[in-house]
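Scroll down for the structure; my scribbles are underneath it.
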Amino acid sequence: QVQLVESGGGLVQPGGSLRLSCAASGSIFRAYAMGWYRQAPGKQRELVAKITSGGSTNYPDSLKGRFTISRDNAKNTVYLQMNSLKPEDTAVYYCNLHAPPINYWGQGTQVTVSS
């Protein structure tokens with residue numbers, strides 16, 4: 001079974017940066033798209049960034065230019081670089097691997113942006 005292990009969350013001041021990491025177990029990592037989602041209190045889980053097996057990326061317009069997703073297939077790891085963080089970015093961030101028809105999720109890591 002696929003396991004996703006996240007790291008890098010924490011407390012950061014507005015305008016700061018964080019890099020989240022998600023390490024995937026198994027041998028299927030290279031074949032599938034990966035993504036980062038977040039869920040803030042009282043809101044639905046939303047897509048933050050997606051990267052295909054070929055390396056193409058997709059972001060909501062509101063996050064383009066601040067967030068960058070990347071993957072290192074040699075390490076079975078996907079990253080989310082977050083810059084110019086705002087208080088409204090505060091949420092639990094989840095790593096996702098989509099291997100149709102199954103979605104695998106990490107446990108979530110808390111990101112808090114506060115002065």
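The analysis underlying the following values was restricted to heavy atoms, covering all of them including side chains, and did not include hydrogens, waters or symmetry mates. In this text, all values refer to a predicted model and were calculated from it rather than measured experimentally.
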- Does K64 have any salt bridge (Lys or Arg N to Asp or Glu O under 4.0 Å) partners at least two apart in sequence or in another chain, and if so, which? D61
- Message: I'd like to check the side-chain hydrogen bond (donor to acceptor under 3.5 Å, both in side chains) partners of R45; sequence neighbours left out, ordered by chain and number.
- Response: none
- Could you list the residues that satisfy side-chain hydrogen bond (donor to acceptor under 3.5 Å, both in side chains) with Q3, not counting sequence neighbours? none
- Determine the sole option in L47, V48, T68 for which the side chain to side chain contact (heavy atoms under 4.5 Å, CB included) test with Y59 is passed. T68
- Message: Main chain of Q13, side chain of S115: is a donor-acceptor contact present, judged purely on distance under 3.5 Å?
- Response: no
- Item | Min side-chain heavy-atom separation P100-H98 under 4.5 Å | yes
- Item | Taking every non-hydrogen atom, the tightest pair across T90 and V113 | OG1-N, 2.9 Å
- Given side chains that start at C-beta, do those of C22 and W36 come closer than 4.5 Å, heavy atoms only? yes
- Beyond-backbone contact of P87 with S114, side-chain heavy atoms, under 4.5 angstrom: no
- Item | Approximate separation, where rounding is to 0.5 Å, of L63 CG and N83 CG | 12.0 Å
- Query: Does one hydrophobic cluster hold both Y79 and M34, with members joined at side-chain heavy-atom distances below 4.5 Å?
  - Reply: no
Ignoring hydrogens and angles, write down the donor-acceptor pairs under 3.5 Å from the side chains of residues 51-58, residues two or more places apart or on other chains.
{"residue": "T52", "atom": "OG1", "partner": "G54", "partner atom": "N", "Å": "3.3"}
{"residue": "T52", "atom": "OG1", "partner": "G55", "partner atom": "N", "Å": "3.3"}
{"residue": "T52", "atom": "OG1", "partner": "S56", "partner atom": "N", "Å": "3.1"}

- Would you indicate whether the side-chain heavy atoms of I69 and K50 approach each other to under 4.5 Å? no
- Message: I want to check something: taking the side chain as every heavy atom from C-beta on, are L97 and L4 in contact at a cut-off of under 4.5 Å?
- Response: yes
- Message: Would you say Y93 and R38 are linked by a side-chain donor-acceptor pair, where the criterion is simply a distance under 3.5 Å?
- Response: yes
- Can you list the residues that meet the side-chain hydrogen bond (donor to acceptor under 3.5 Å, both in side chains) rule with Q107, with sequence neighbours excluded? none
- ring-ring contact (aromatic ring centres under 6.0 Å, His included) against Y37, all qualifying residues, sequence neighbours excluded: W105
- Query: Do Y104 and V78 belong to the same hydrophobic cluster, where Ile, Leu, Val, Met, Phe, Trp and Tyr are linked whenever their side-chain heavy atoms lie under 4.5 Å apart, directly or via other members?
  - Reply: yes
- For the residue pair T77 and D72, confirm or rule out a side-chain donor-acceptor distance under 3.5 Å. no
- Item | Verdict with reasoning, S17 to Q81, per side-chain contact (heavy atoms from CB on, under 4.5 Å) | CA-CA 7 Å; S17 298; Q81 179 67 46; 3.9 Å; yes
- Task: Taking the side chain as every heavy atom from C-beta outward, state whether R66 and D89 have any pair of such atoms under 4.5 Å apart.
- Result: yes
- Check the hydrophobic clustering (I, L, V, M, F, W, Y; side-chain heavy atoms under 4.5 Å; chains of links allowed) and say if V111 and Y94 are grouped together. no
- Give the cluster check for Y32 versus L80: same hydrophobic cluster or not, with ILVMFWY residues linked at side-chain heavy-atom distances below 4.5 Å. yes
- Query: Sub-3.5 Å donor-acceptor pair from the side chain of E6 to the main-chain atoms of C95, do we have one?
  - Reply: yes
- Message: So for atom CD, which belongs to E88, do other residues, nucleotides or ligands contribute more than 12 heavy atoms lying within a distance under 6.0 Å?
- Response: yes
- Query: Can you find a pair of side-chain heavy atoms, one from T109 and one from S7, that are under 4.5 Å apart?
  - Reply: no
